2 protein chains.
Amino acid sequence: MARTGFMAEQRIVALAGGVGGAKLAHGLALARPEAALTVVVNTADDFSLFGLHISPDLDTVMYTLGGIANPQTGWGIAGDTAAALEMIGRYGRETWFWLGDRDLATHILRTERLRAGASLTTVTAELAGALGIRAAILPMCDEPVATIVETPDGDLAFQDYFVRRRQADEVRGVRFEGIEAATIPPGVAAALREAAAVVLCPSNPIVSIGPILAVPGFRDLLRDVSAPVVAVSPIVGGAALKGPADRMLASLGHEVSAAGVAALYRDFLDGIVIDQVDAELAGRIEEMGIAVHVTDTVMRDEAHRRTLADETLSFAARLESRARA
Amino acid sequence: MARTGFMAEQRIVALAGGVGGAKLAHGLALARPEAALTVVVNTADDFSLFGLHISPDLDTVMYTLGGIANPQTGWGIAGDTAAALEMIGRYGRETWFWLGDRDLATHILRTERLRAGASLTTVTAELAGALGIRAAILPMCDEPVATIVETPDGDLAFQDYFVRRRQADEVRGVRFEGIEAATIPPGVAAALREAAAVVLCPSNPIVSIGPILAVPGFRDLLRDVSAPVVAVSPIVGGAALKGPADRMLASLGHEVSAAGVAALYRDFLDGIVIDQVDAELAGRIEEMGIAVHVTDTVMRDEAHRRTLADETLSFAARLESRARA
């Protein structure tokens, strides 16, 4: 019997980076409130600042699912202030990475618990639980991994490239330091195995989804899962909606299009959701053996997050029933 | 030739706890801007909260000398907010210790530097220097010392007694854990040896000045210094102007008066400044071999901090010239 949707207790797994990924993850939670949602989040952007462990993507996903994200930026907490950061500046320290006062609470408590020996998985569950978030937000691994961006000016730590230098450098290569020692957390593997659908959110394929896929064994796991694996393209009309994904794809020799994104995921991807402006790419993507769903993918508001998530899950369900047929 | 005041490059050393001590230390800086001021500060109240190293008395002295202290409370930073603390509460943690957002910058940077191996002396100099403070603010020691308050309900950590339980417990004893391993920082010993005057600020004799005096060798050093050692009584008219010093003196079997304070310091004290309401105590104190100066000791405003400091230093100078005569 063909399935037309997701029932209670079915699990959806989303892979996400920061703002764009968090929005679709939020849409998934809104579209299937009865389902169990697991969001696996990039942690290769994590870094230490003033002795605090900062996990930008985990925070963005957590604040977004918790309904407290800053709607203007997509990251940080709505209405947050920066008195502490101003004082840090008064102490003569650099303040190019914005730290909100409420946001600092997250960094402080995370750092405290990590220093006490708790894993990032445990700490994230504690923080998200305290904010009343039902979804499981899981780091891609508990080991430290650091994205290094290779530029004509030399290697840059990710936040140096991304925030301080405002993504102005040409990216000649990207590597994930520590990735060879990273292991898939048991909760991530279990969620993928029991998933009814796996969704790659419209996050940067190189530096957001890329590190998750680079955790040893992760791509194999995605090839092996019984659920359909679908992506939502972060490239629309040849450009990234946010961030440097387009320039990064180009300088690394990839096609800057939804087809280029599909090619990066082709070894495990069953389907991709692309924007209507890219409809003409459908044929080329289908030739890779990847199904295509065309719709409006730009999430302008909360209602649209939900609509896009709903369409993405329905598309995945159709792929599953087709595979079973 | 009798000396009538302090010349440039002369050093004044003040021993201080929190609010009352910081006020007189500030007065000393205002009264003798041309002198070198060293403030030796109690650190036995220091504790760890959310993984941050908090030094309440160092902060109070630093903010007061830096001109940014909250004038209403005497501690914390003027105009500070508590957004981070509110968020910490939202994460389900206890928030009985007030942490301002600007204040957090201090705790965060101090903790970062201590974890990197810097001494508390070094970190305090860095922070105070960044705030443009000319005076040397020195912790009483670089080793961790913790005041434990013994009560009918058992042992209490100092901030538990002082902040959380609002000093409501009867104090049956006080001990300073770790004090036997504490050492006088070289800068403190050097400042005391070269001092033209040593001033014990009107801080709690048991839990503010007490720990400083308990650092091994400290009382001996005070007995040996060539400079006059004078105190300003924190007990006025049989009561503490702030905090539990009066009840603490009583429950520990000391006289609750300026004479009781003088008795606690009699092995090294040359003179004490007492309030005019306590003028009748002068005779008894002088019988201990301690000179007395009577004046208005309640520092109601900044002008009065300066006046009291000026009178205290002039008193010390008279003691010195008398000793030399």
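Order of the sequence lines fixes the chain letters, A, B, ..., with proteins taken first and strands second; residue numbering starts at 1 for each chain. Here the structure is a predicted model, which means the values were calculated and not measured.
When heavy atoms are compared at a cutoff of 4.5 Å, B/Thr111 does not approach chain A at all. Of the two parts of A/Leu109, only the side chain, counted from C-beta on, holds a non-hydrogen atom closer than 4.5 Å to a non-hydrogen atom of chain B. Interface residue B/Ile88: backbone and side-chain heavy atoms are both found under 4.5 Å from chain A. In this structure, chain B has heavy atoms under 4.5 Å from both the backbone and the side chain of A/Leu127. Heavy atoms of B/Thr106 lying under 4.5 Å from chain A belong to its backbone as well as its side chain.
When all heavy atoms are compared, the tightest approach of B/Met62 to A/Tyr91 is CE-OH, 3.2 Å. Contact record, A/Ala105 with B/Ala84: CB-O, 3.5 Å, taken as the closest heavy-atom pair.
The candidate with the highest count of non-hydrogen atom pairs below 4.5 Å against chain A, out of B/Gly132, B/Ala83, B/Gly92, B/Gly129, is B/Ala83. Interface summary for chain B: among A/Arg93, A/Arg113, A/His107, A/Glu86, the most heavy-atom pairs under 4.5 angstrom belong to A/Arg93.
For the pair A/Ile77 and B/Met87, the minimum side-chain heavy-atom distance is below 4.5 Å. Under the 4.5 Å side-chain criterion, counting only non-hydrogen atoms from C-beta, B/Arg115 is in contact with A/Arg115.
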Steps toward side chain to side chain contact (heavy atoms under 4.5 Å, CB included) verdict (A/Arg90, B/Ile68): CA-CA 12 Å; A/Arg90 192 157 171 181; B/Ile68 59 172; 3.4 Å; yes
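Taking CG from A/Leu104 and CG from B/Leu104, the interatomic distance works out to 6.5 Å, rounded to the nearest 0.5 Å. In this structure, CG in B/Leu52 is found 7.0 Å from CG in A/Leu52, a value given to the nearest 0.5 Å.
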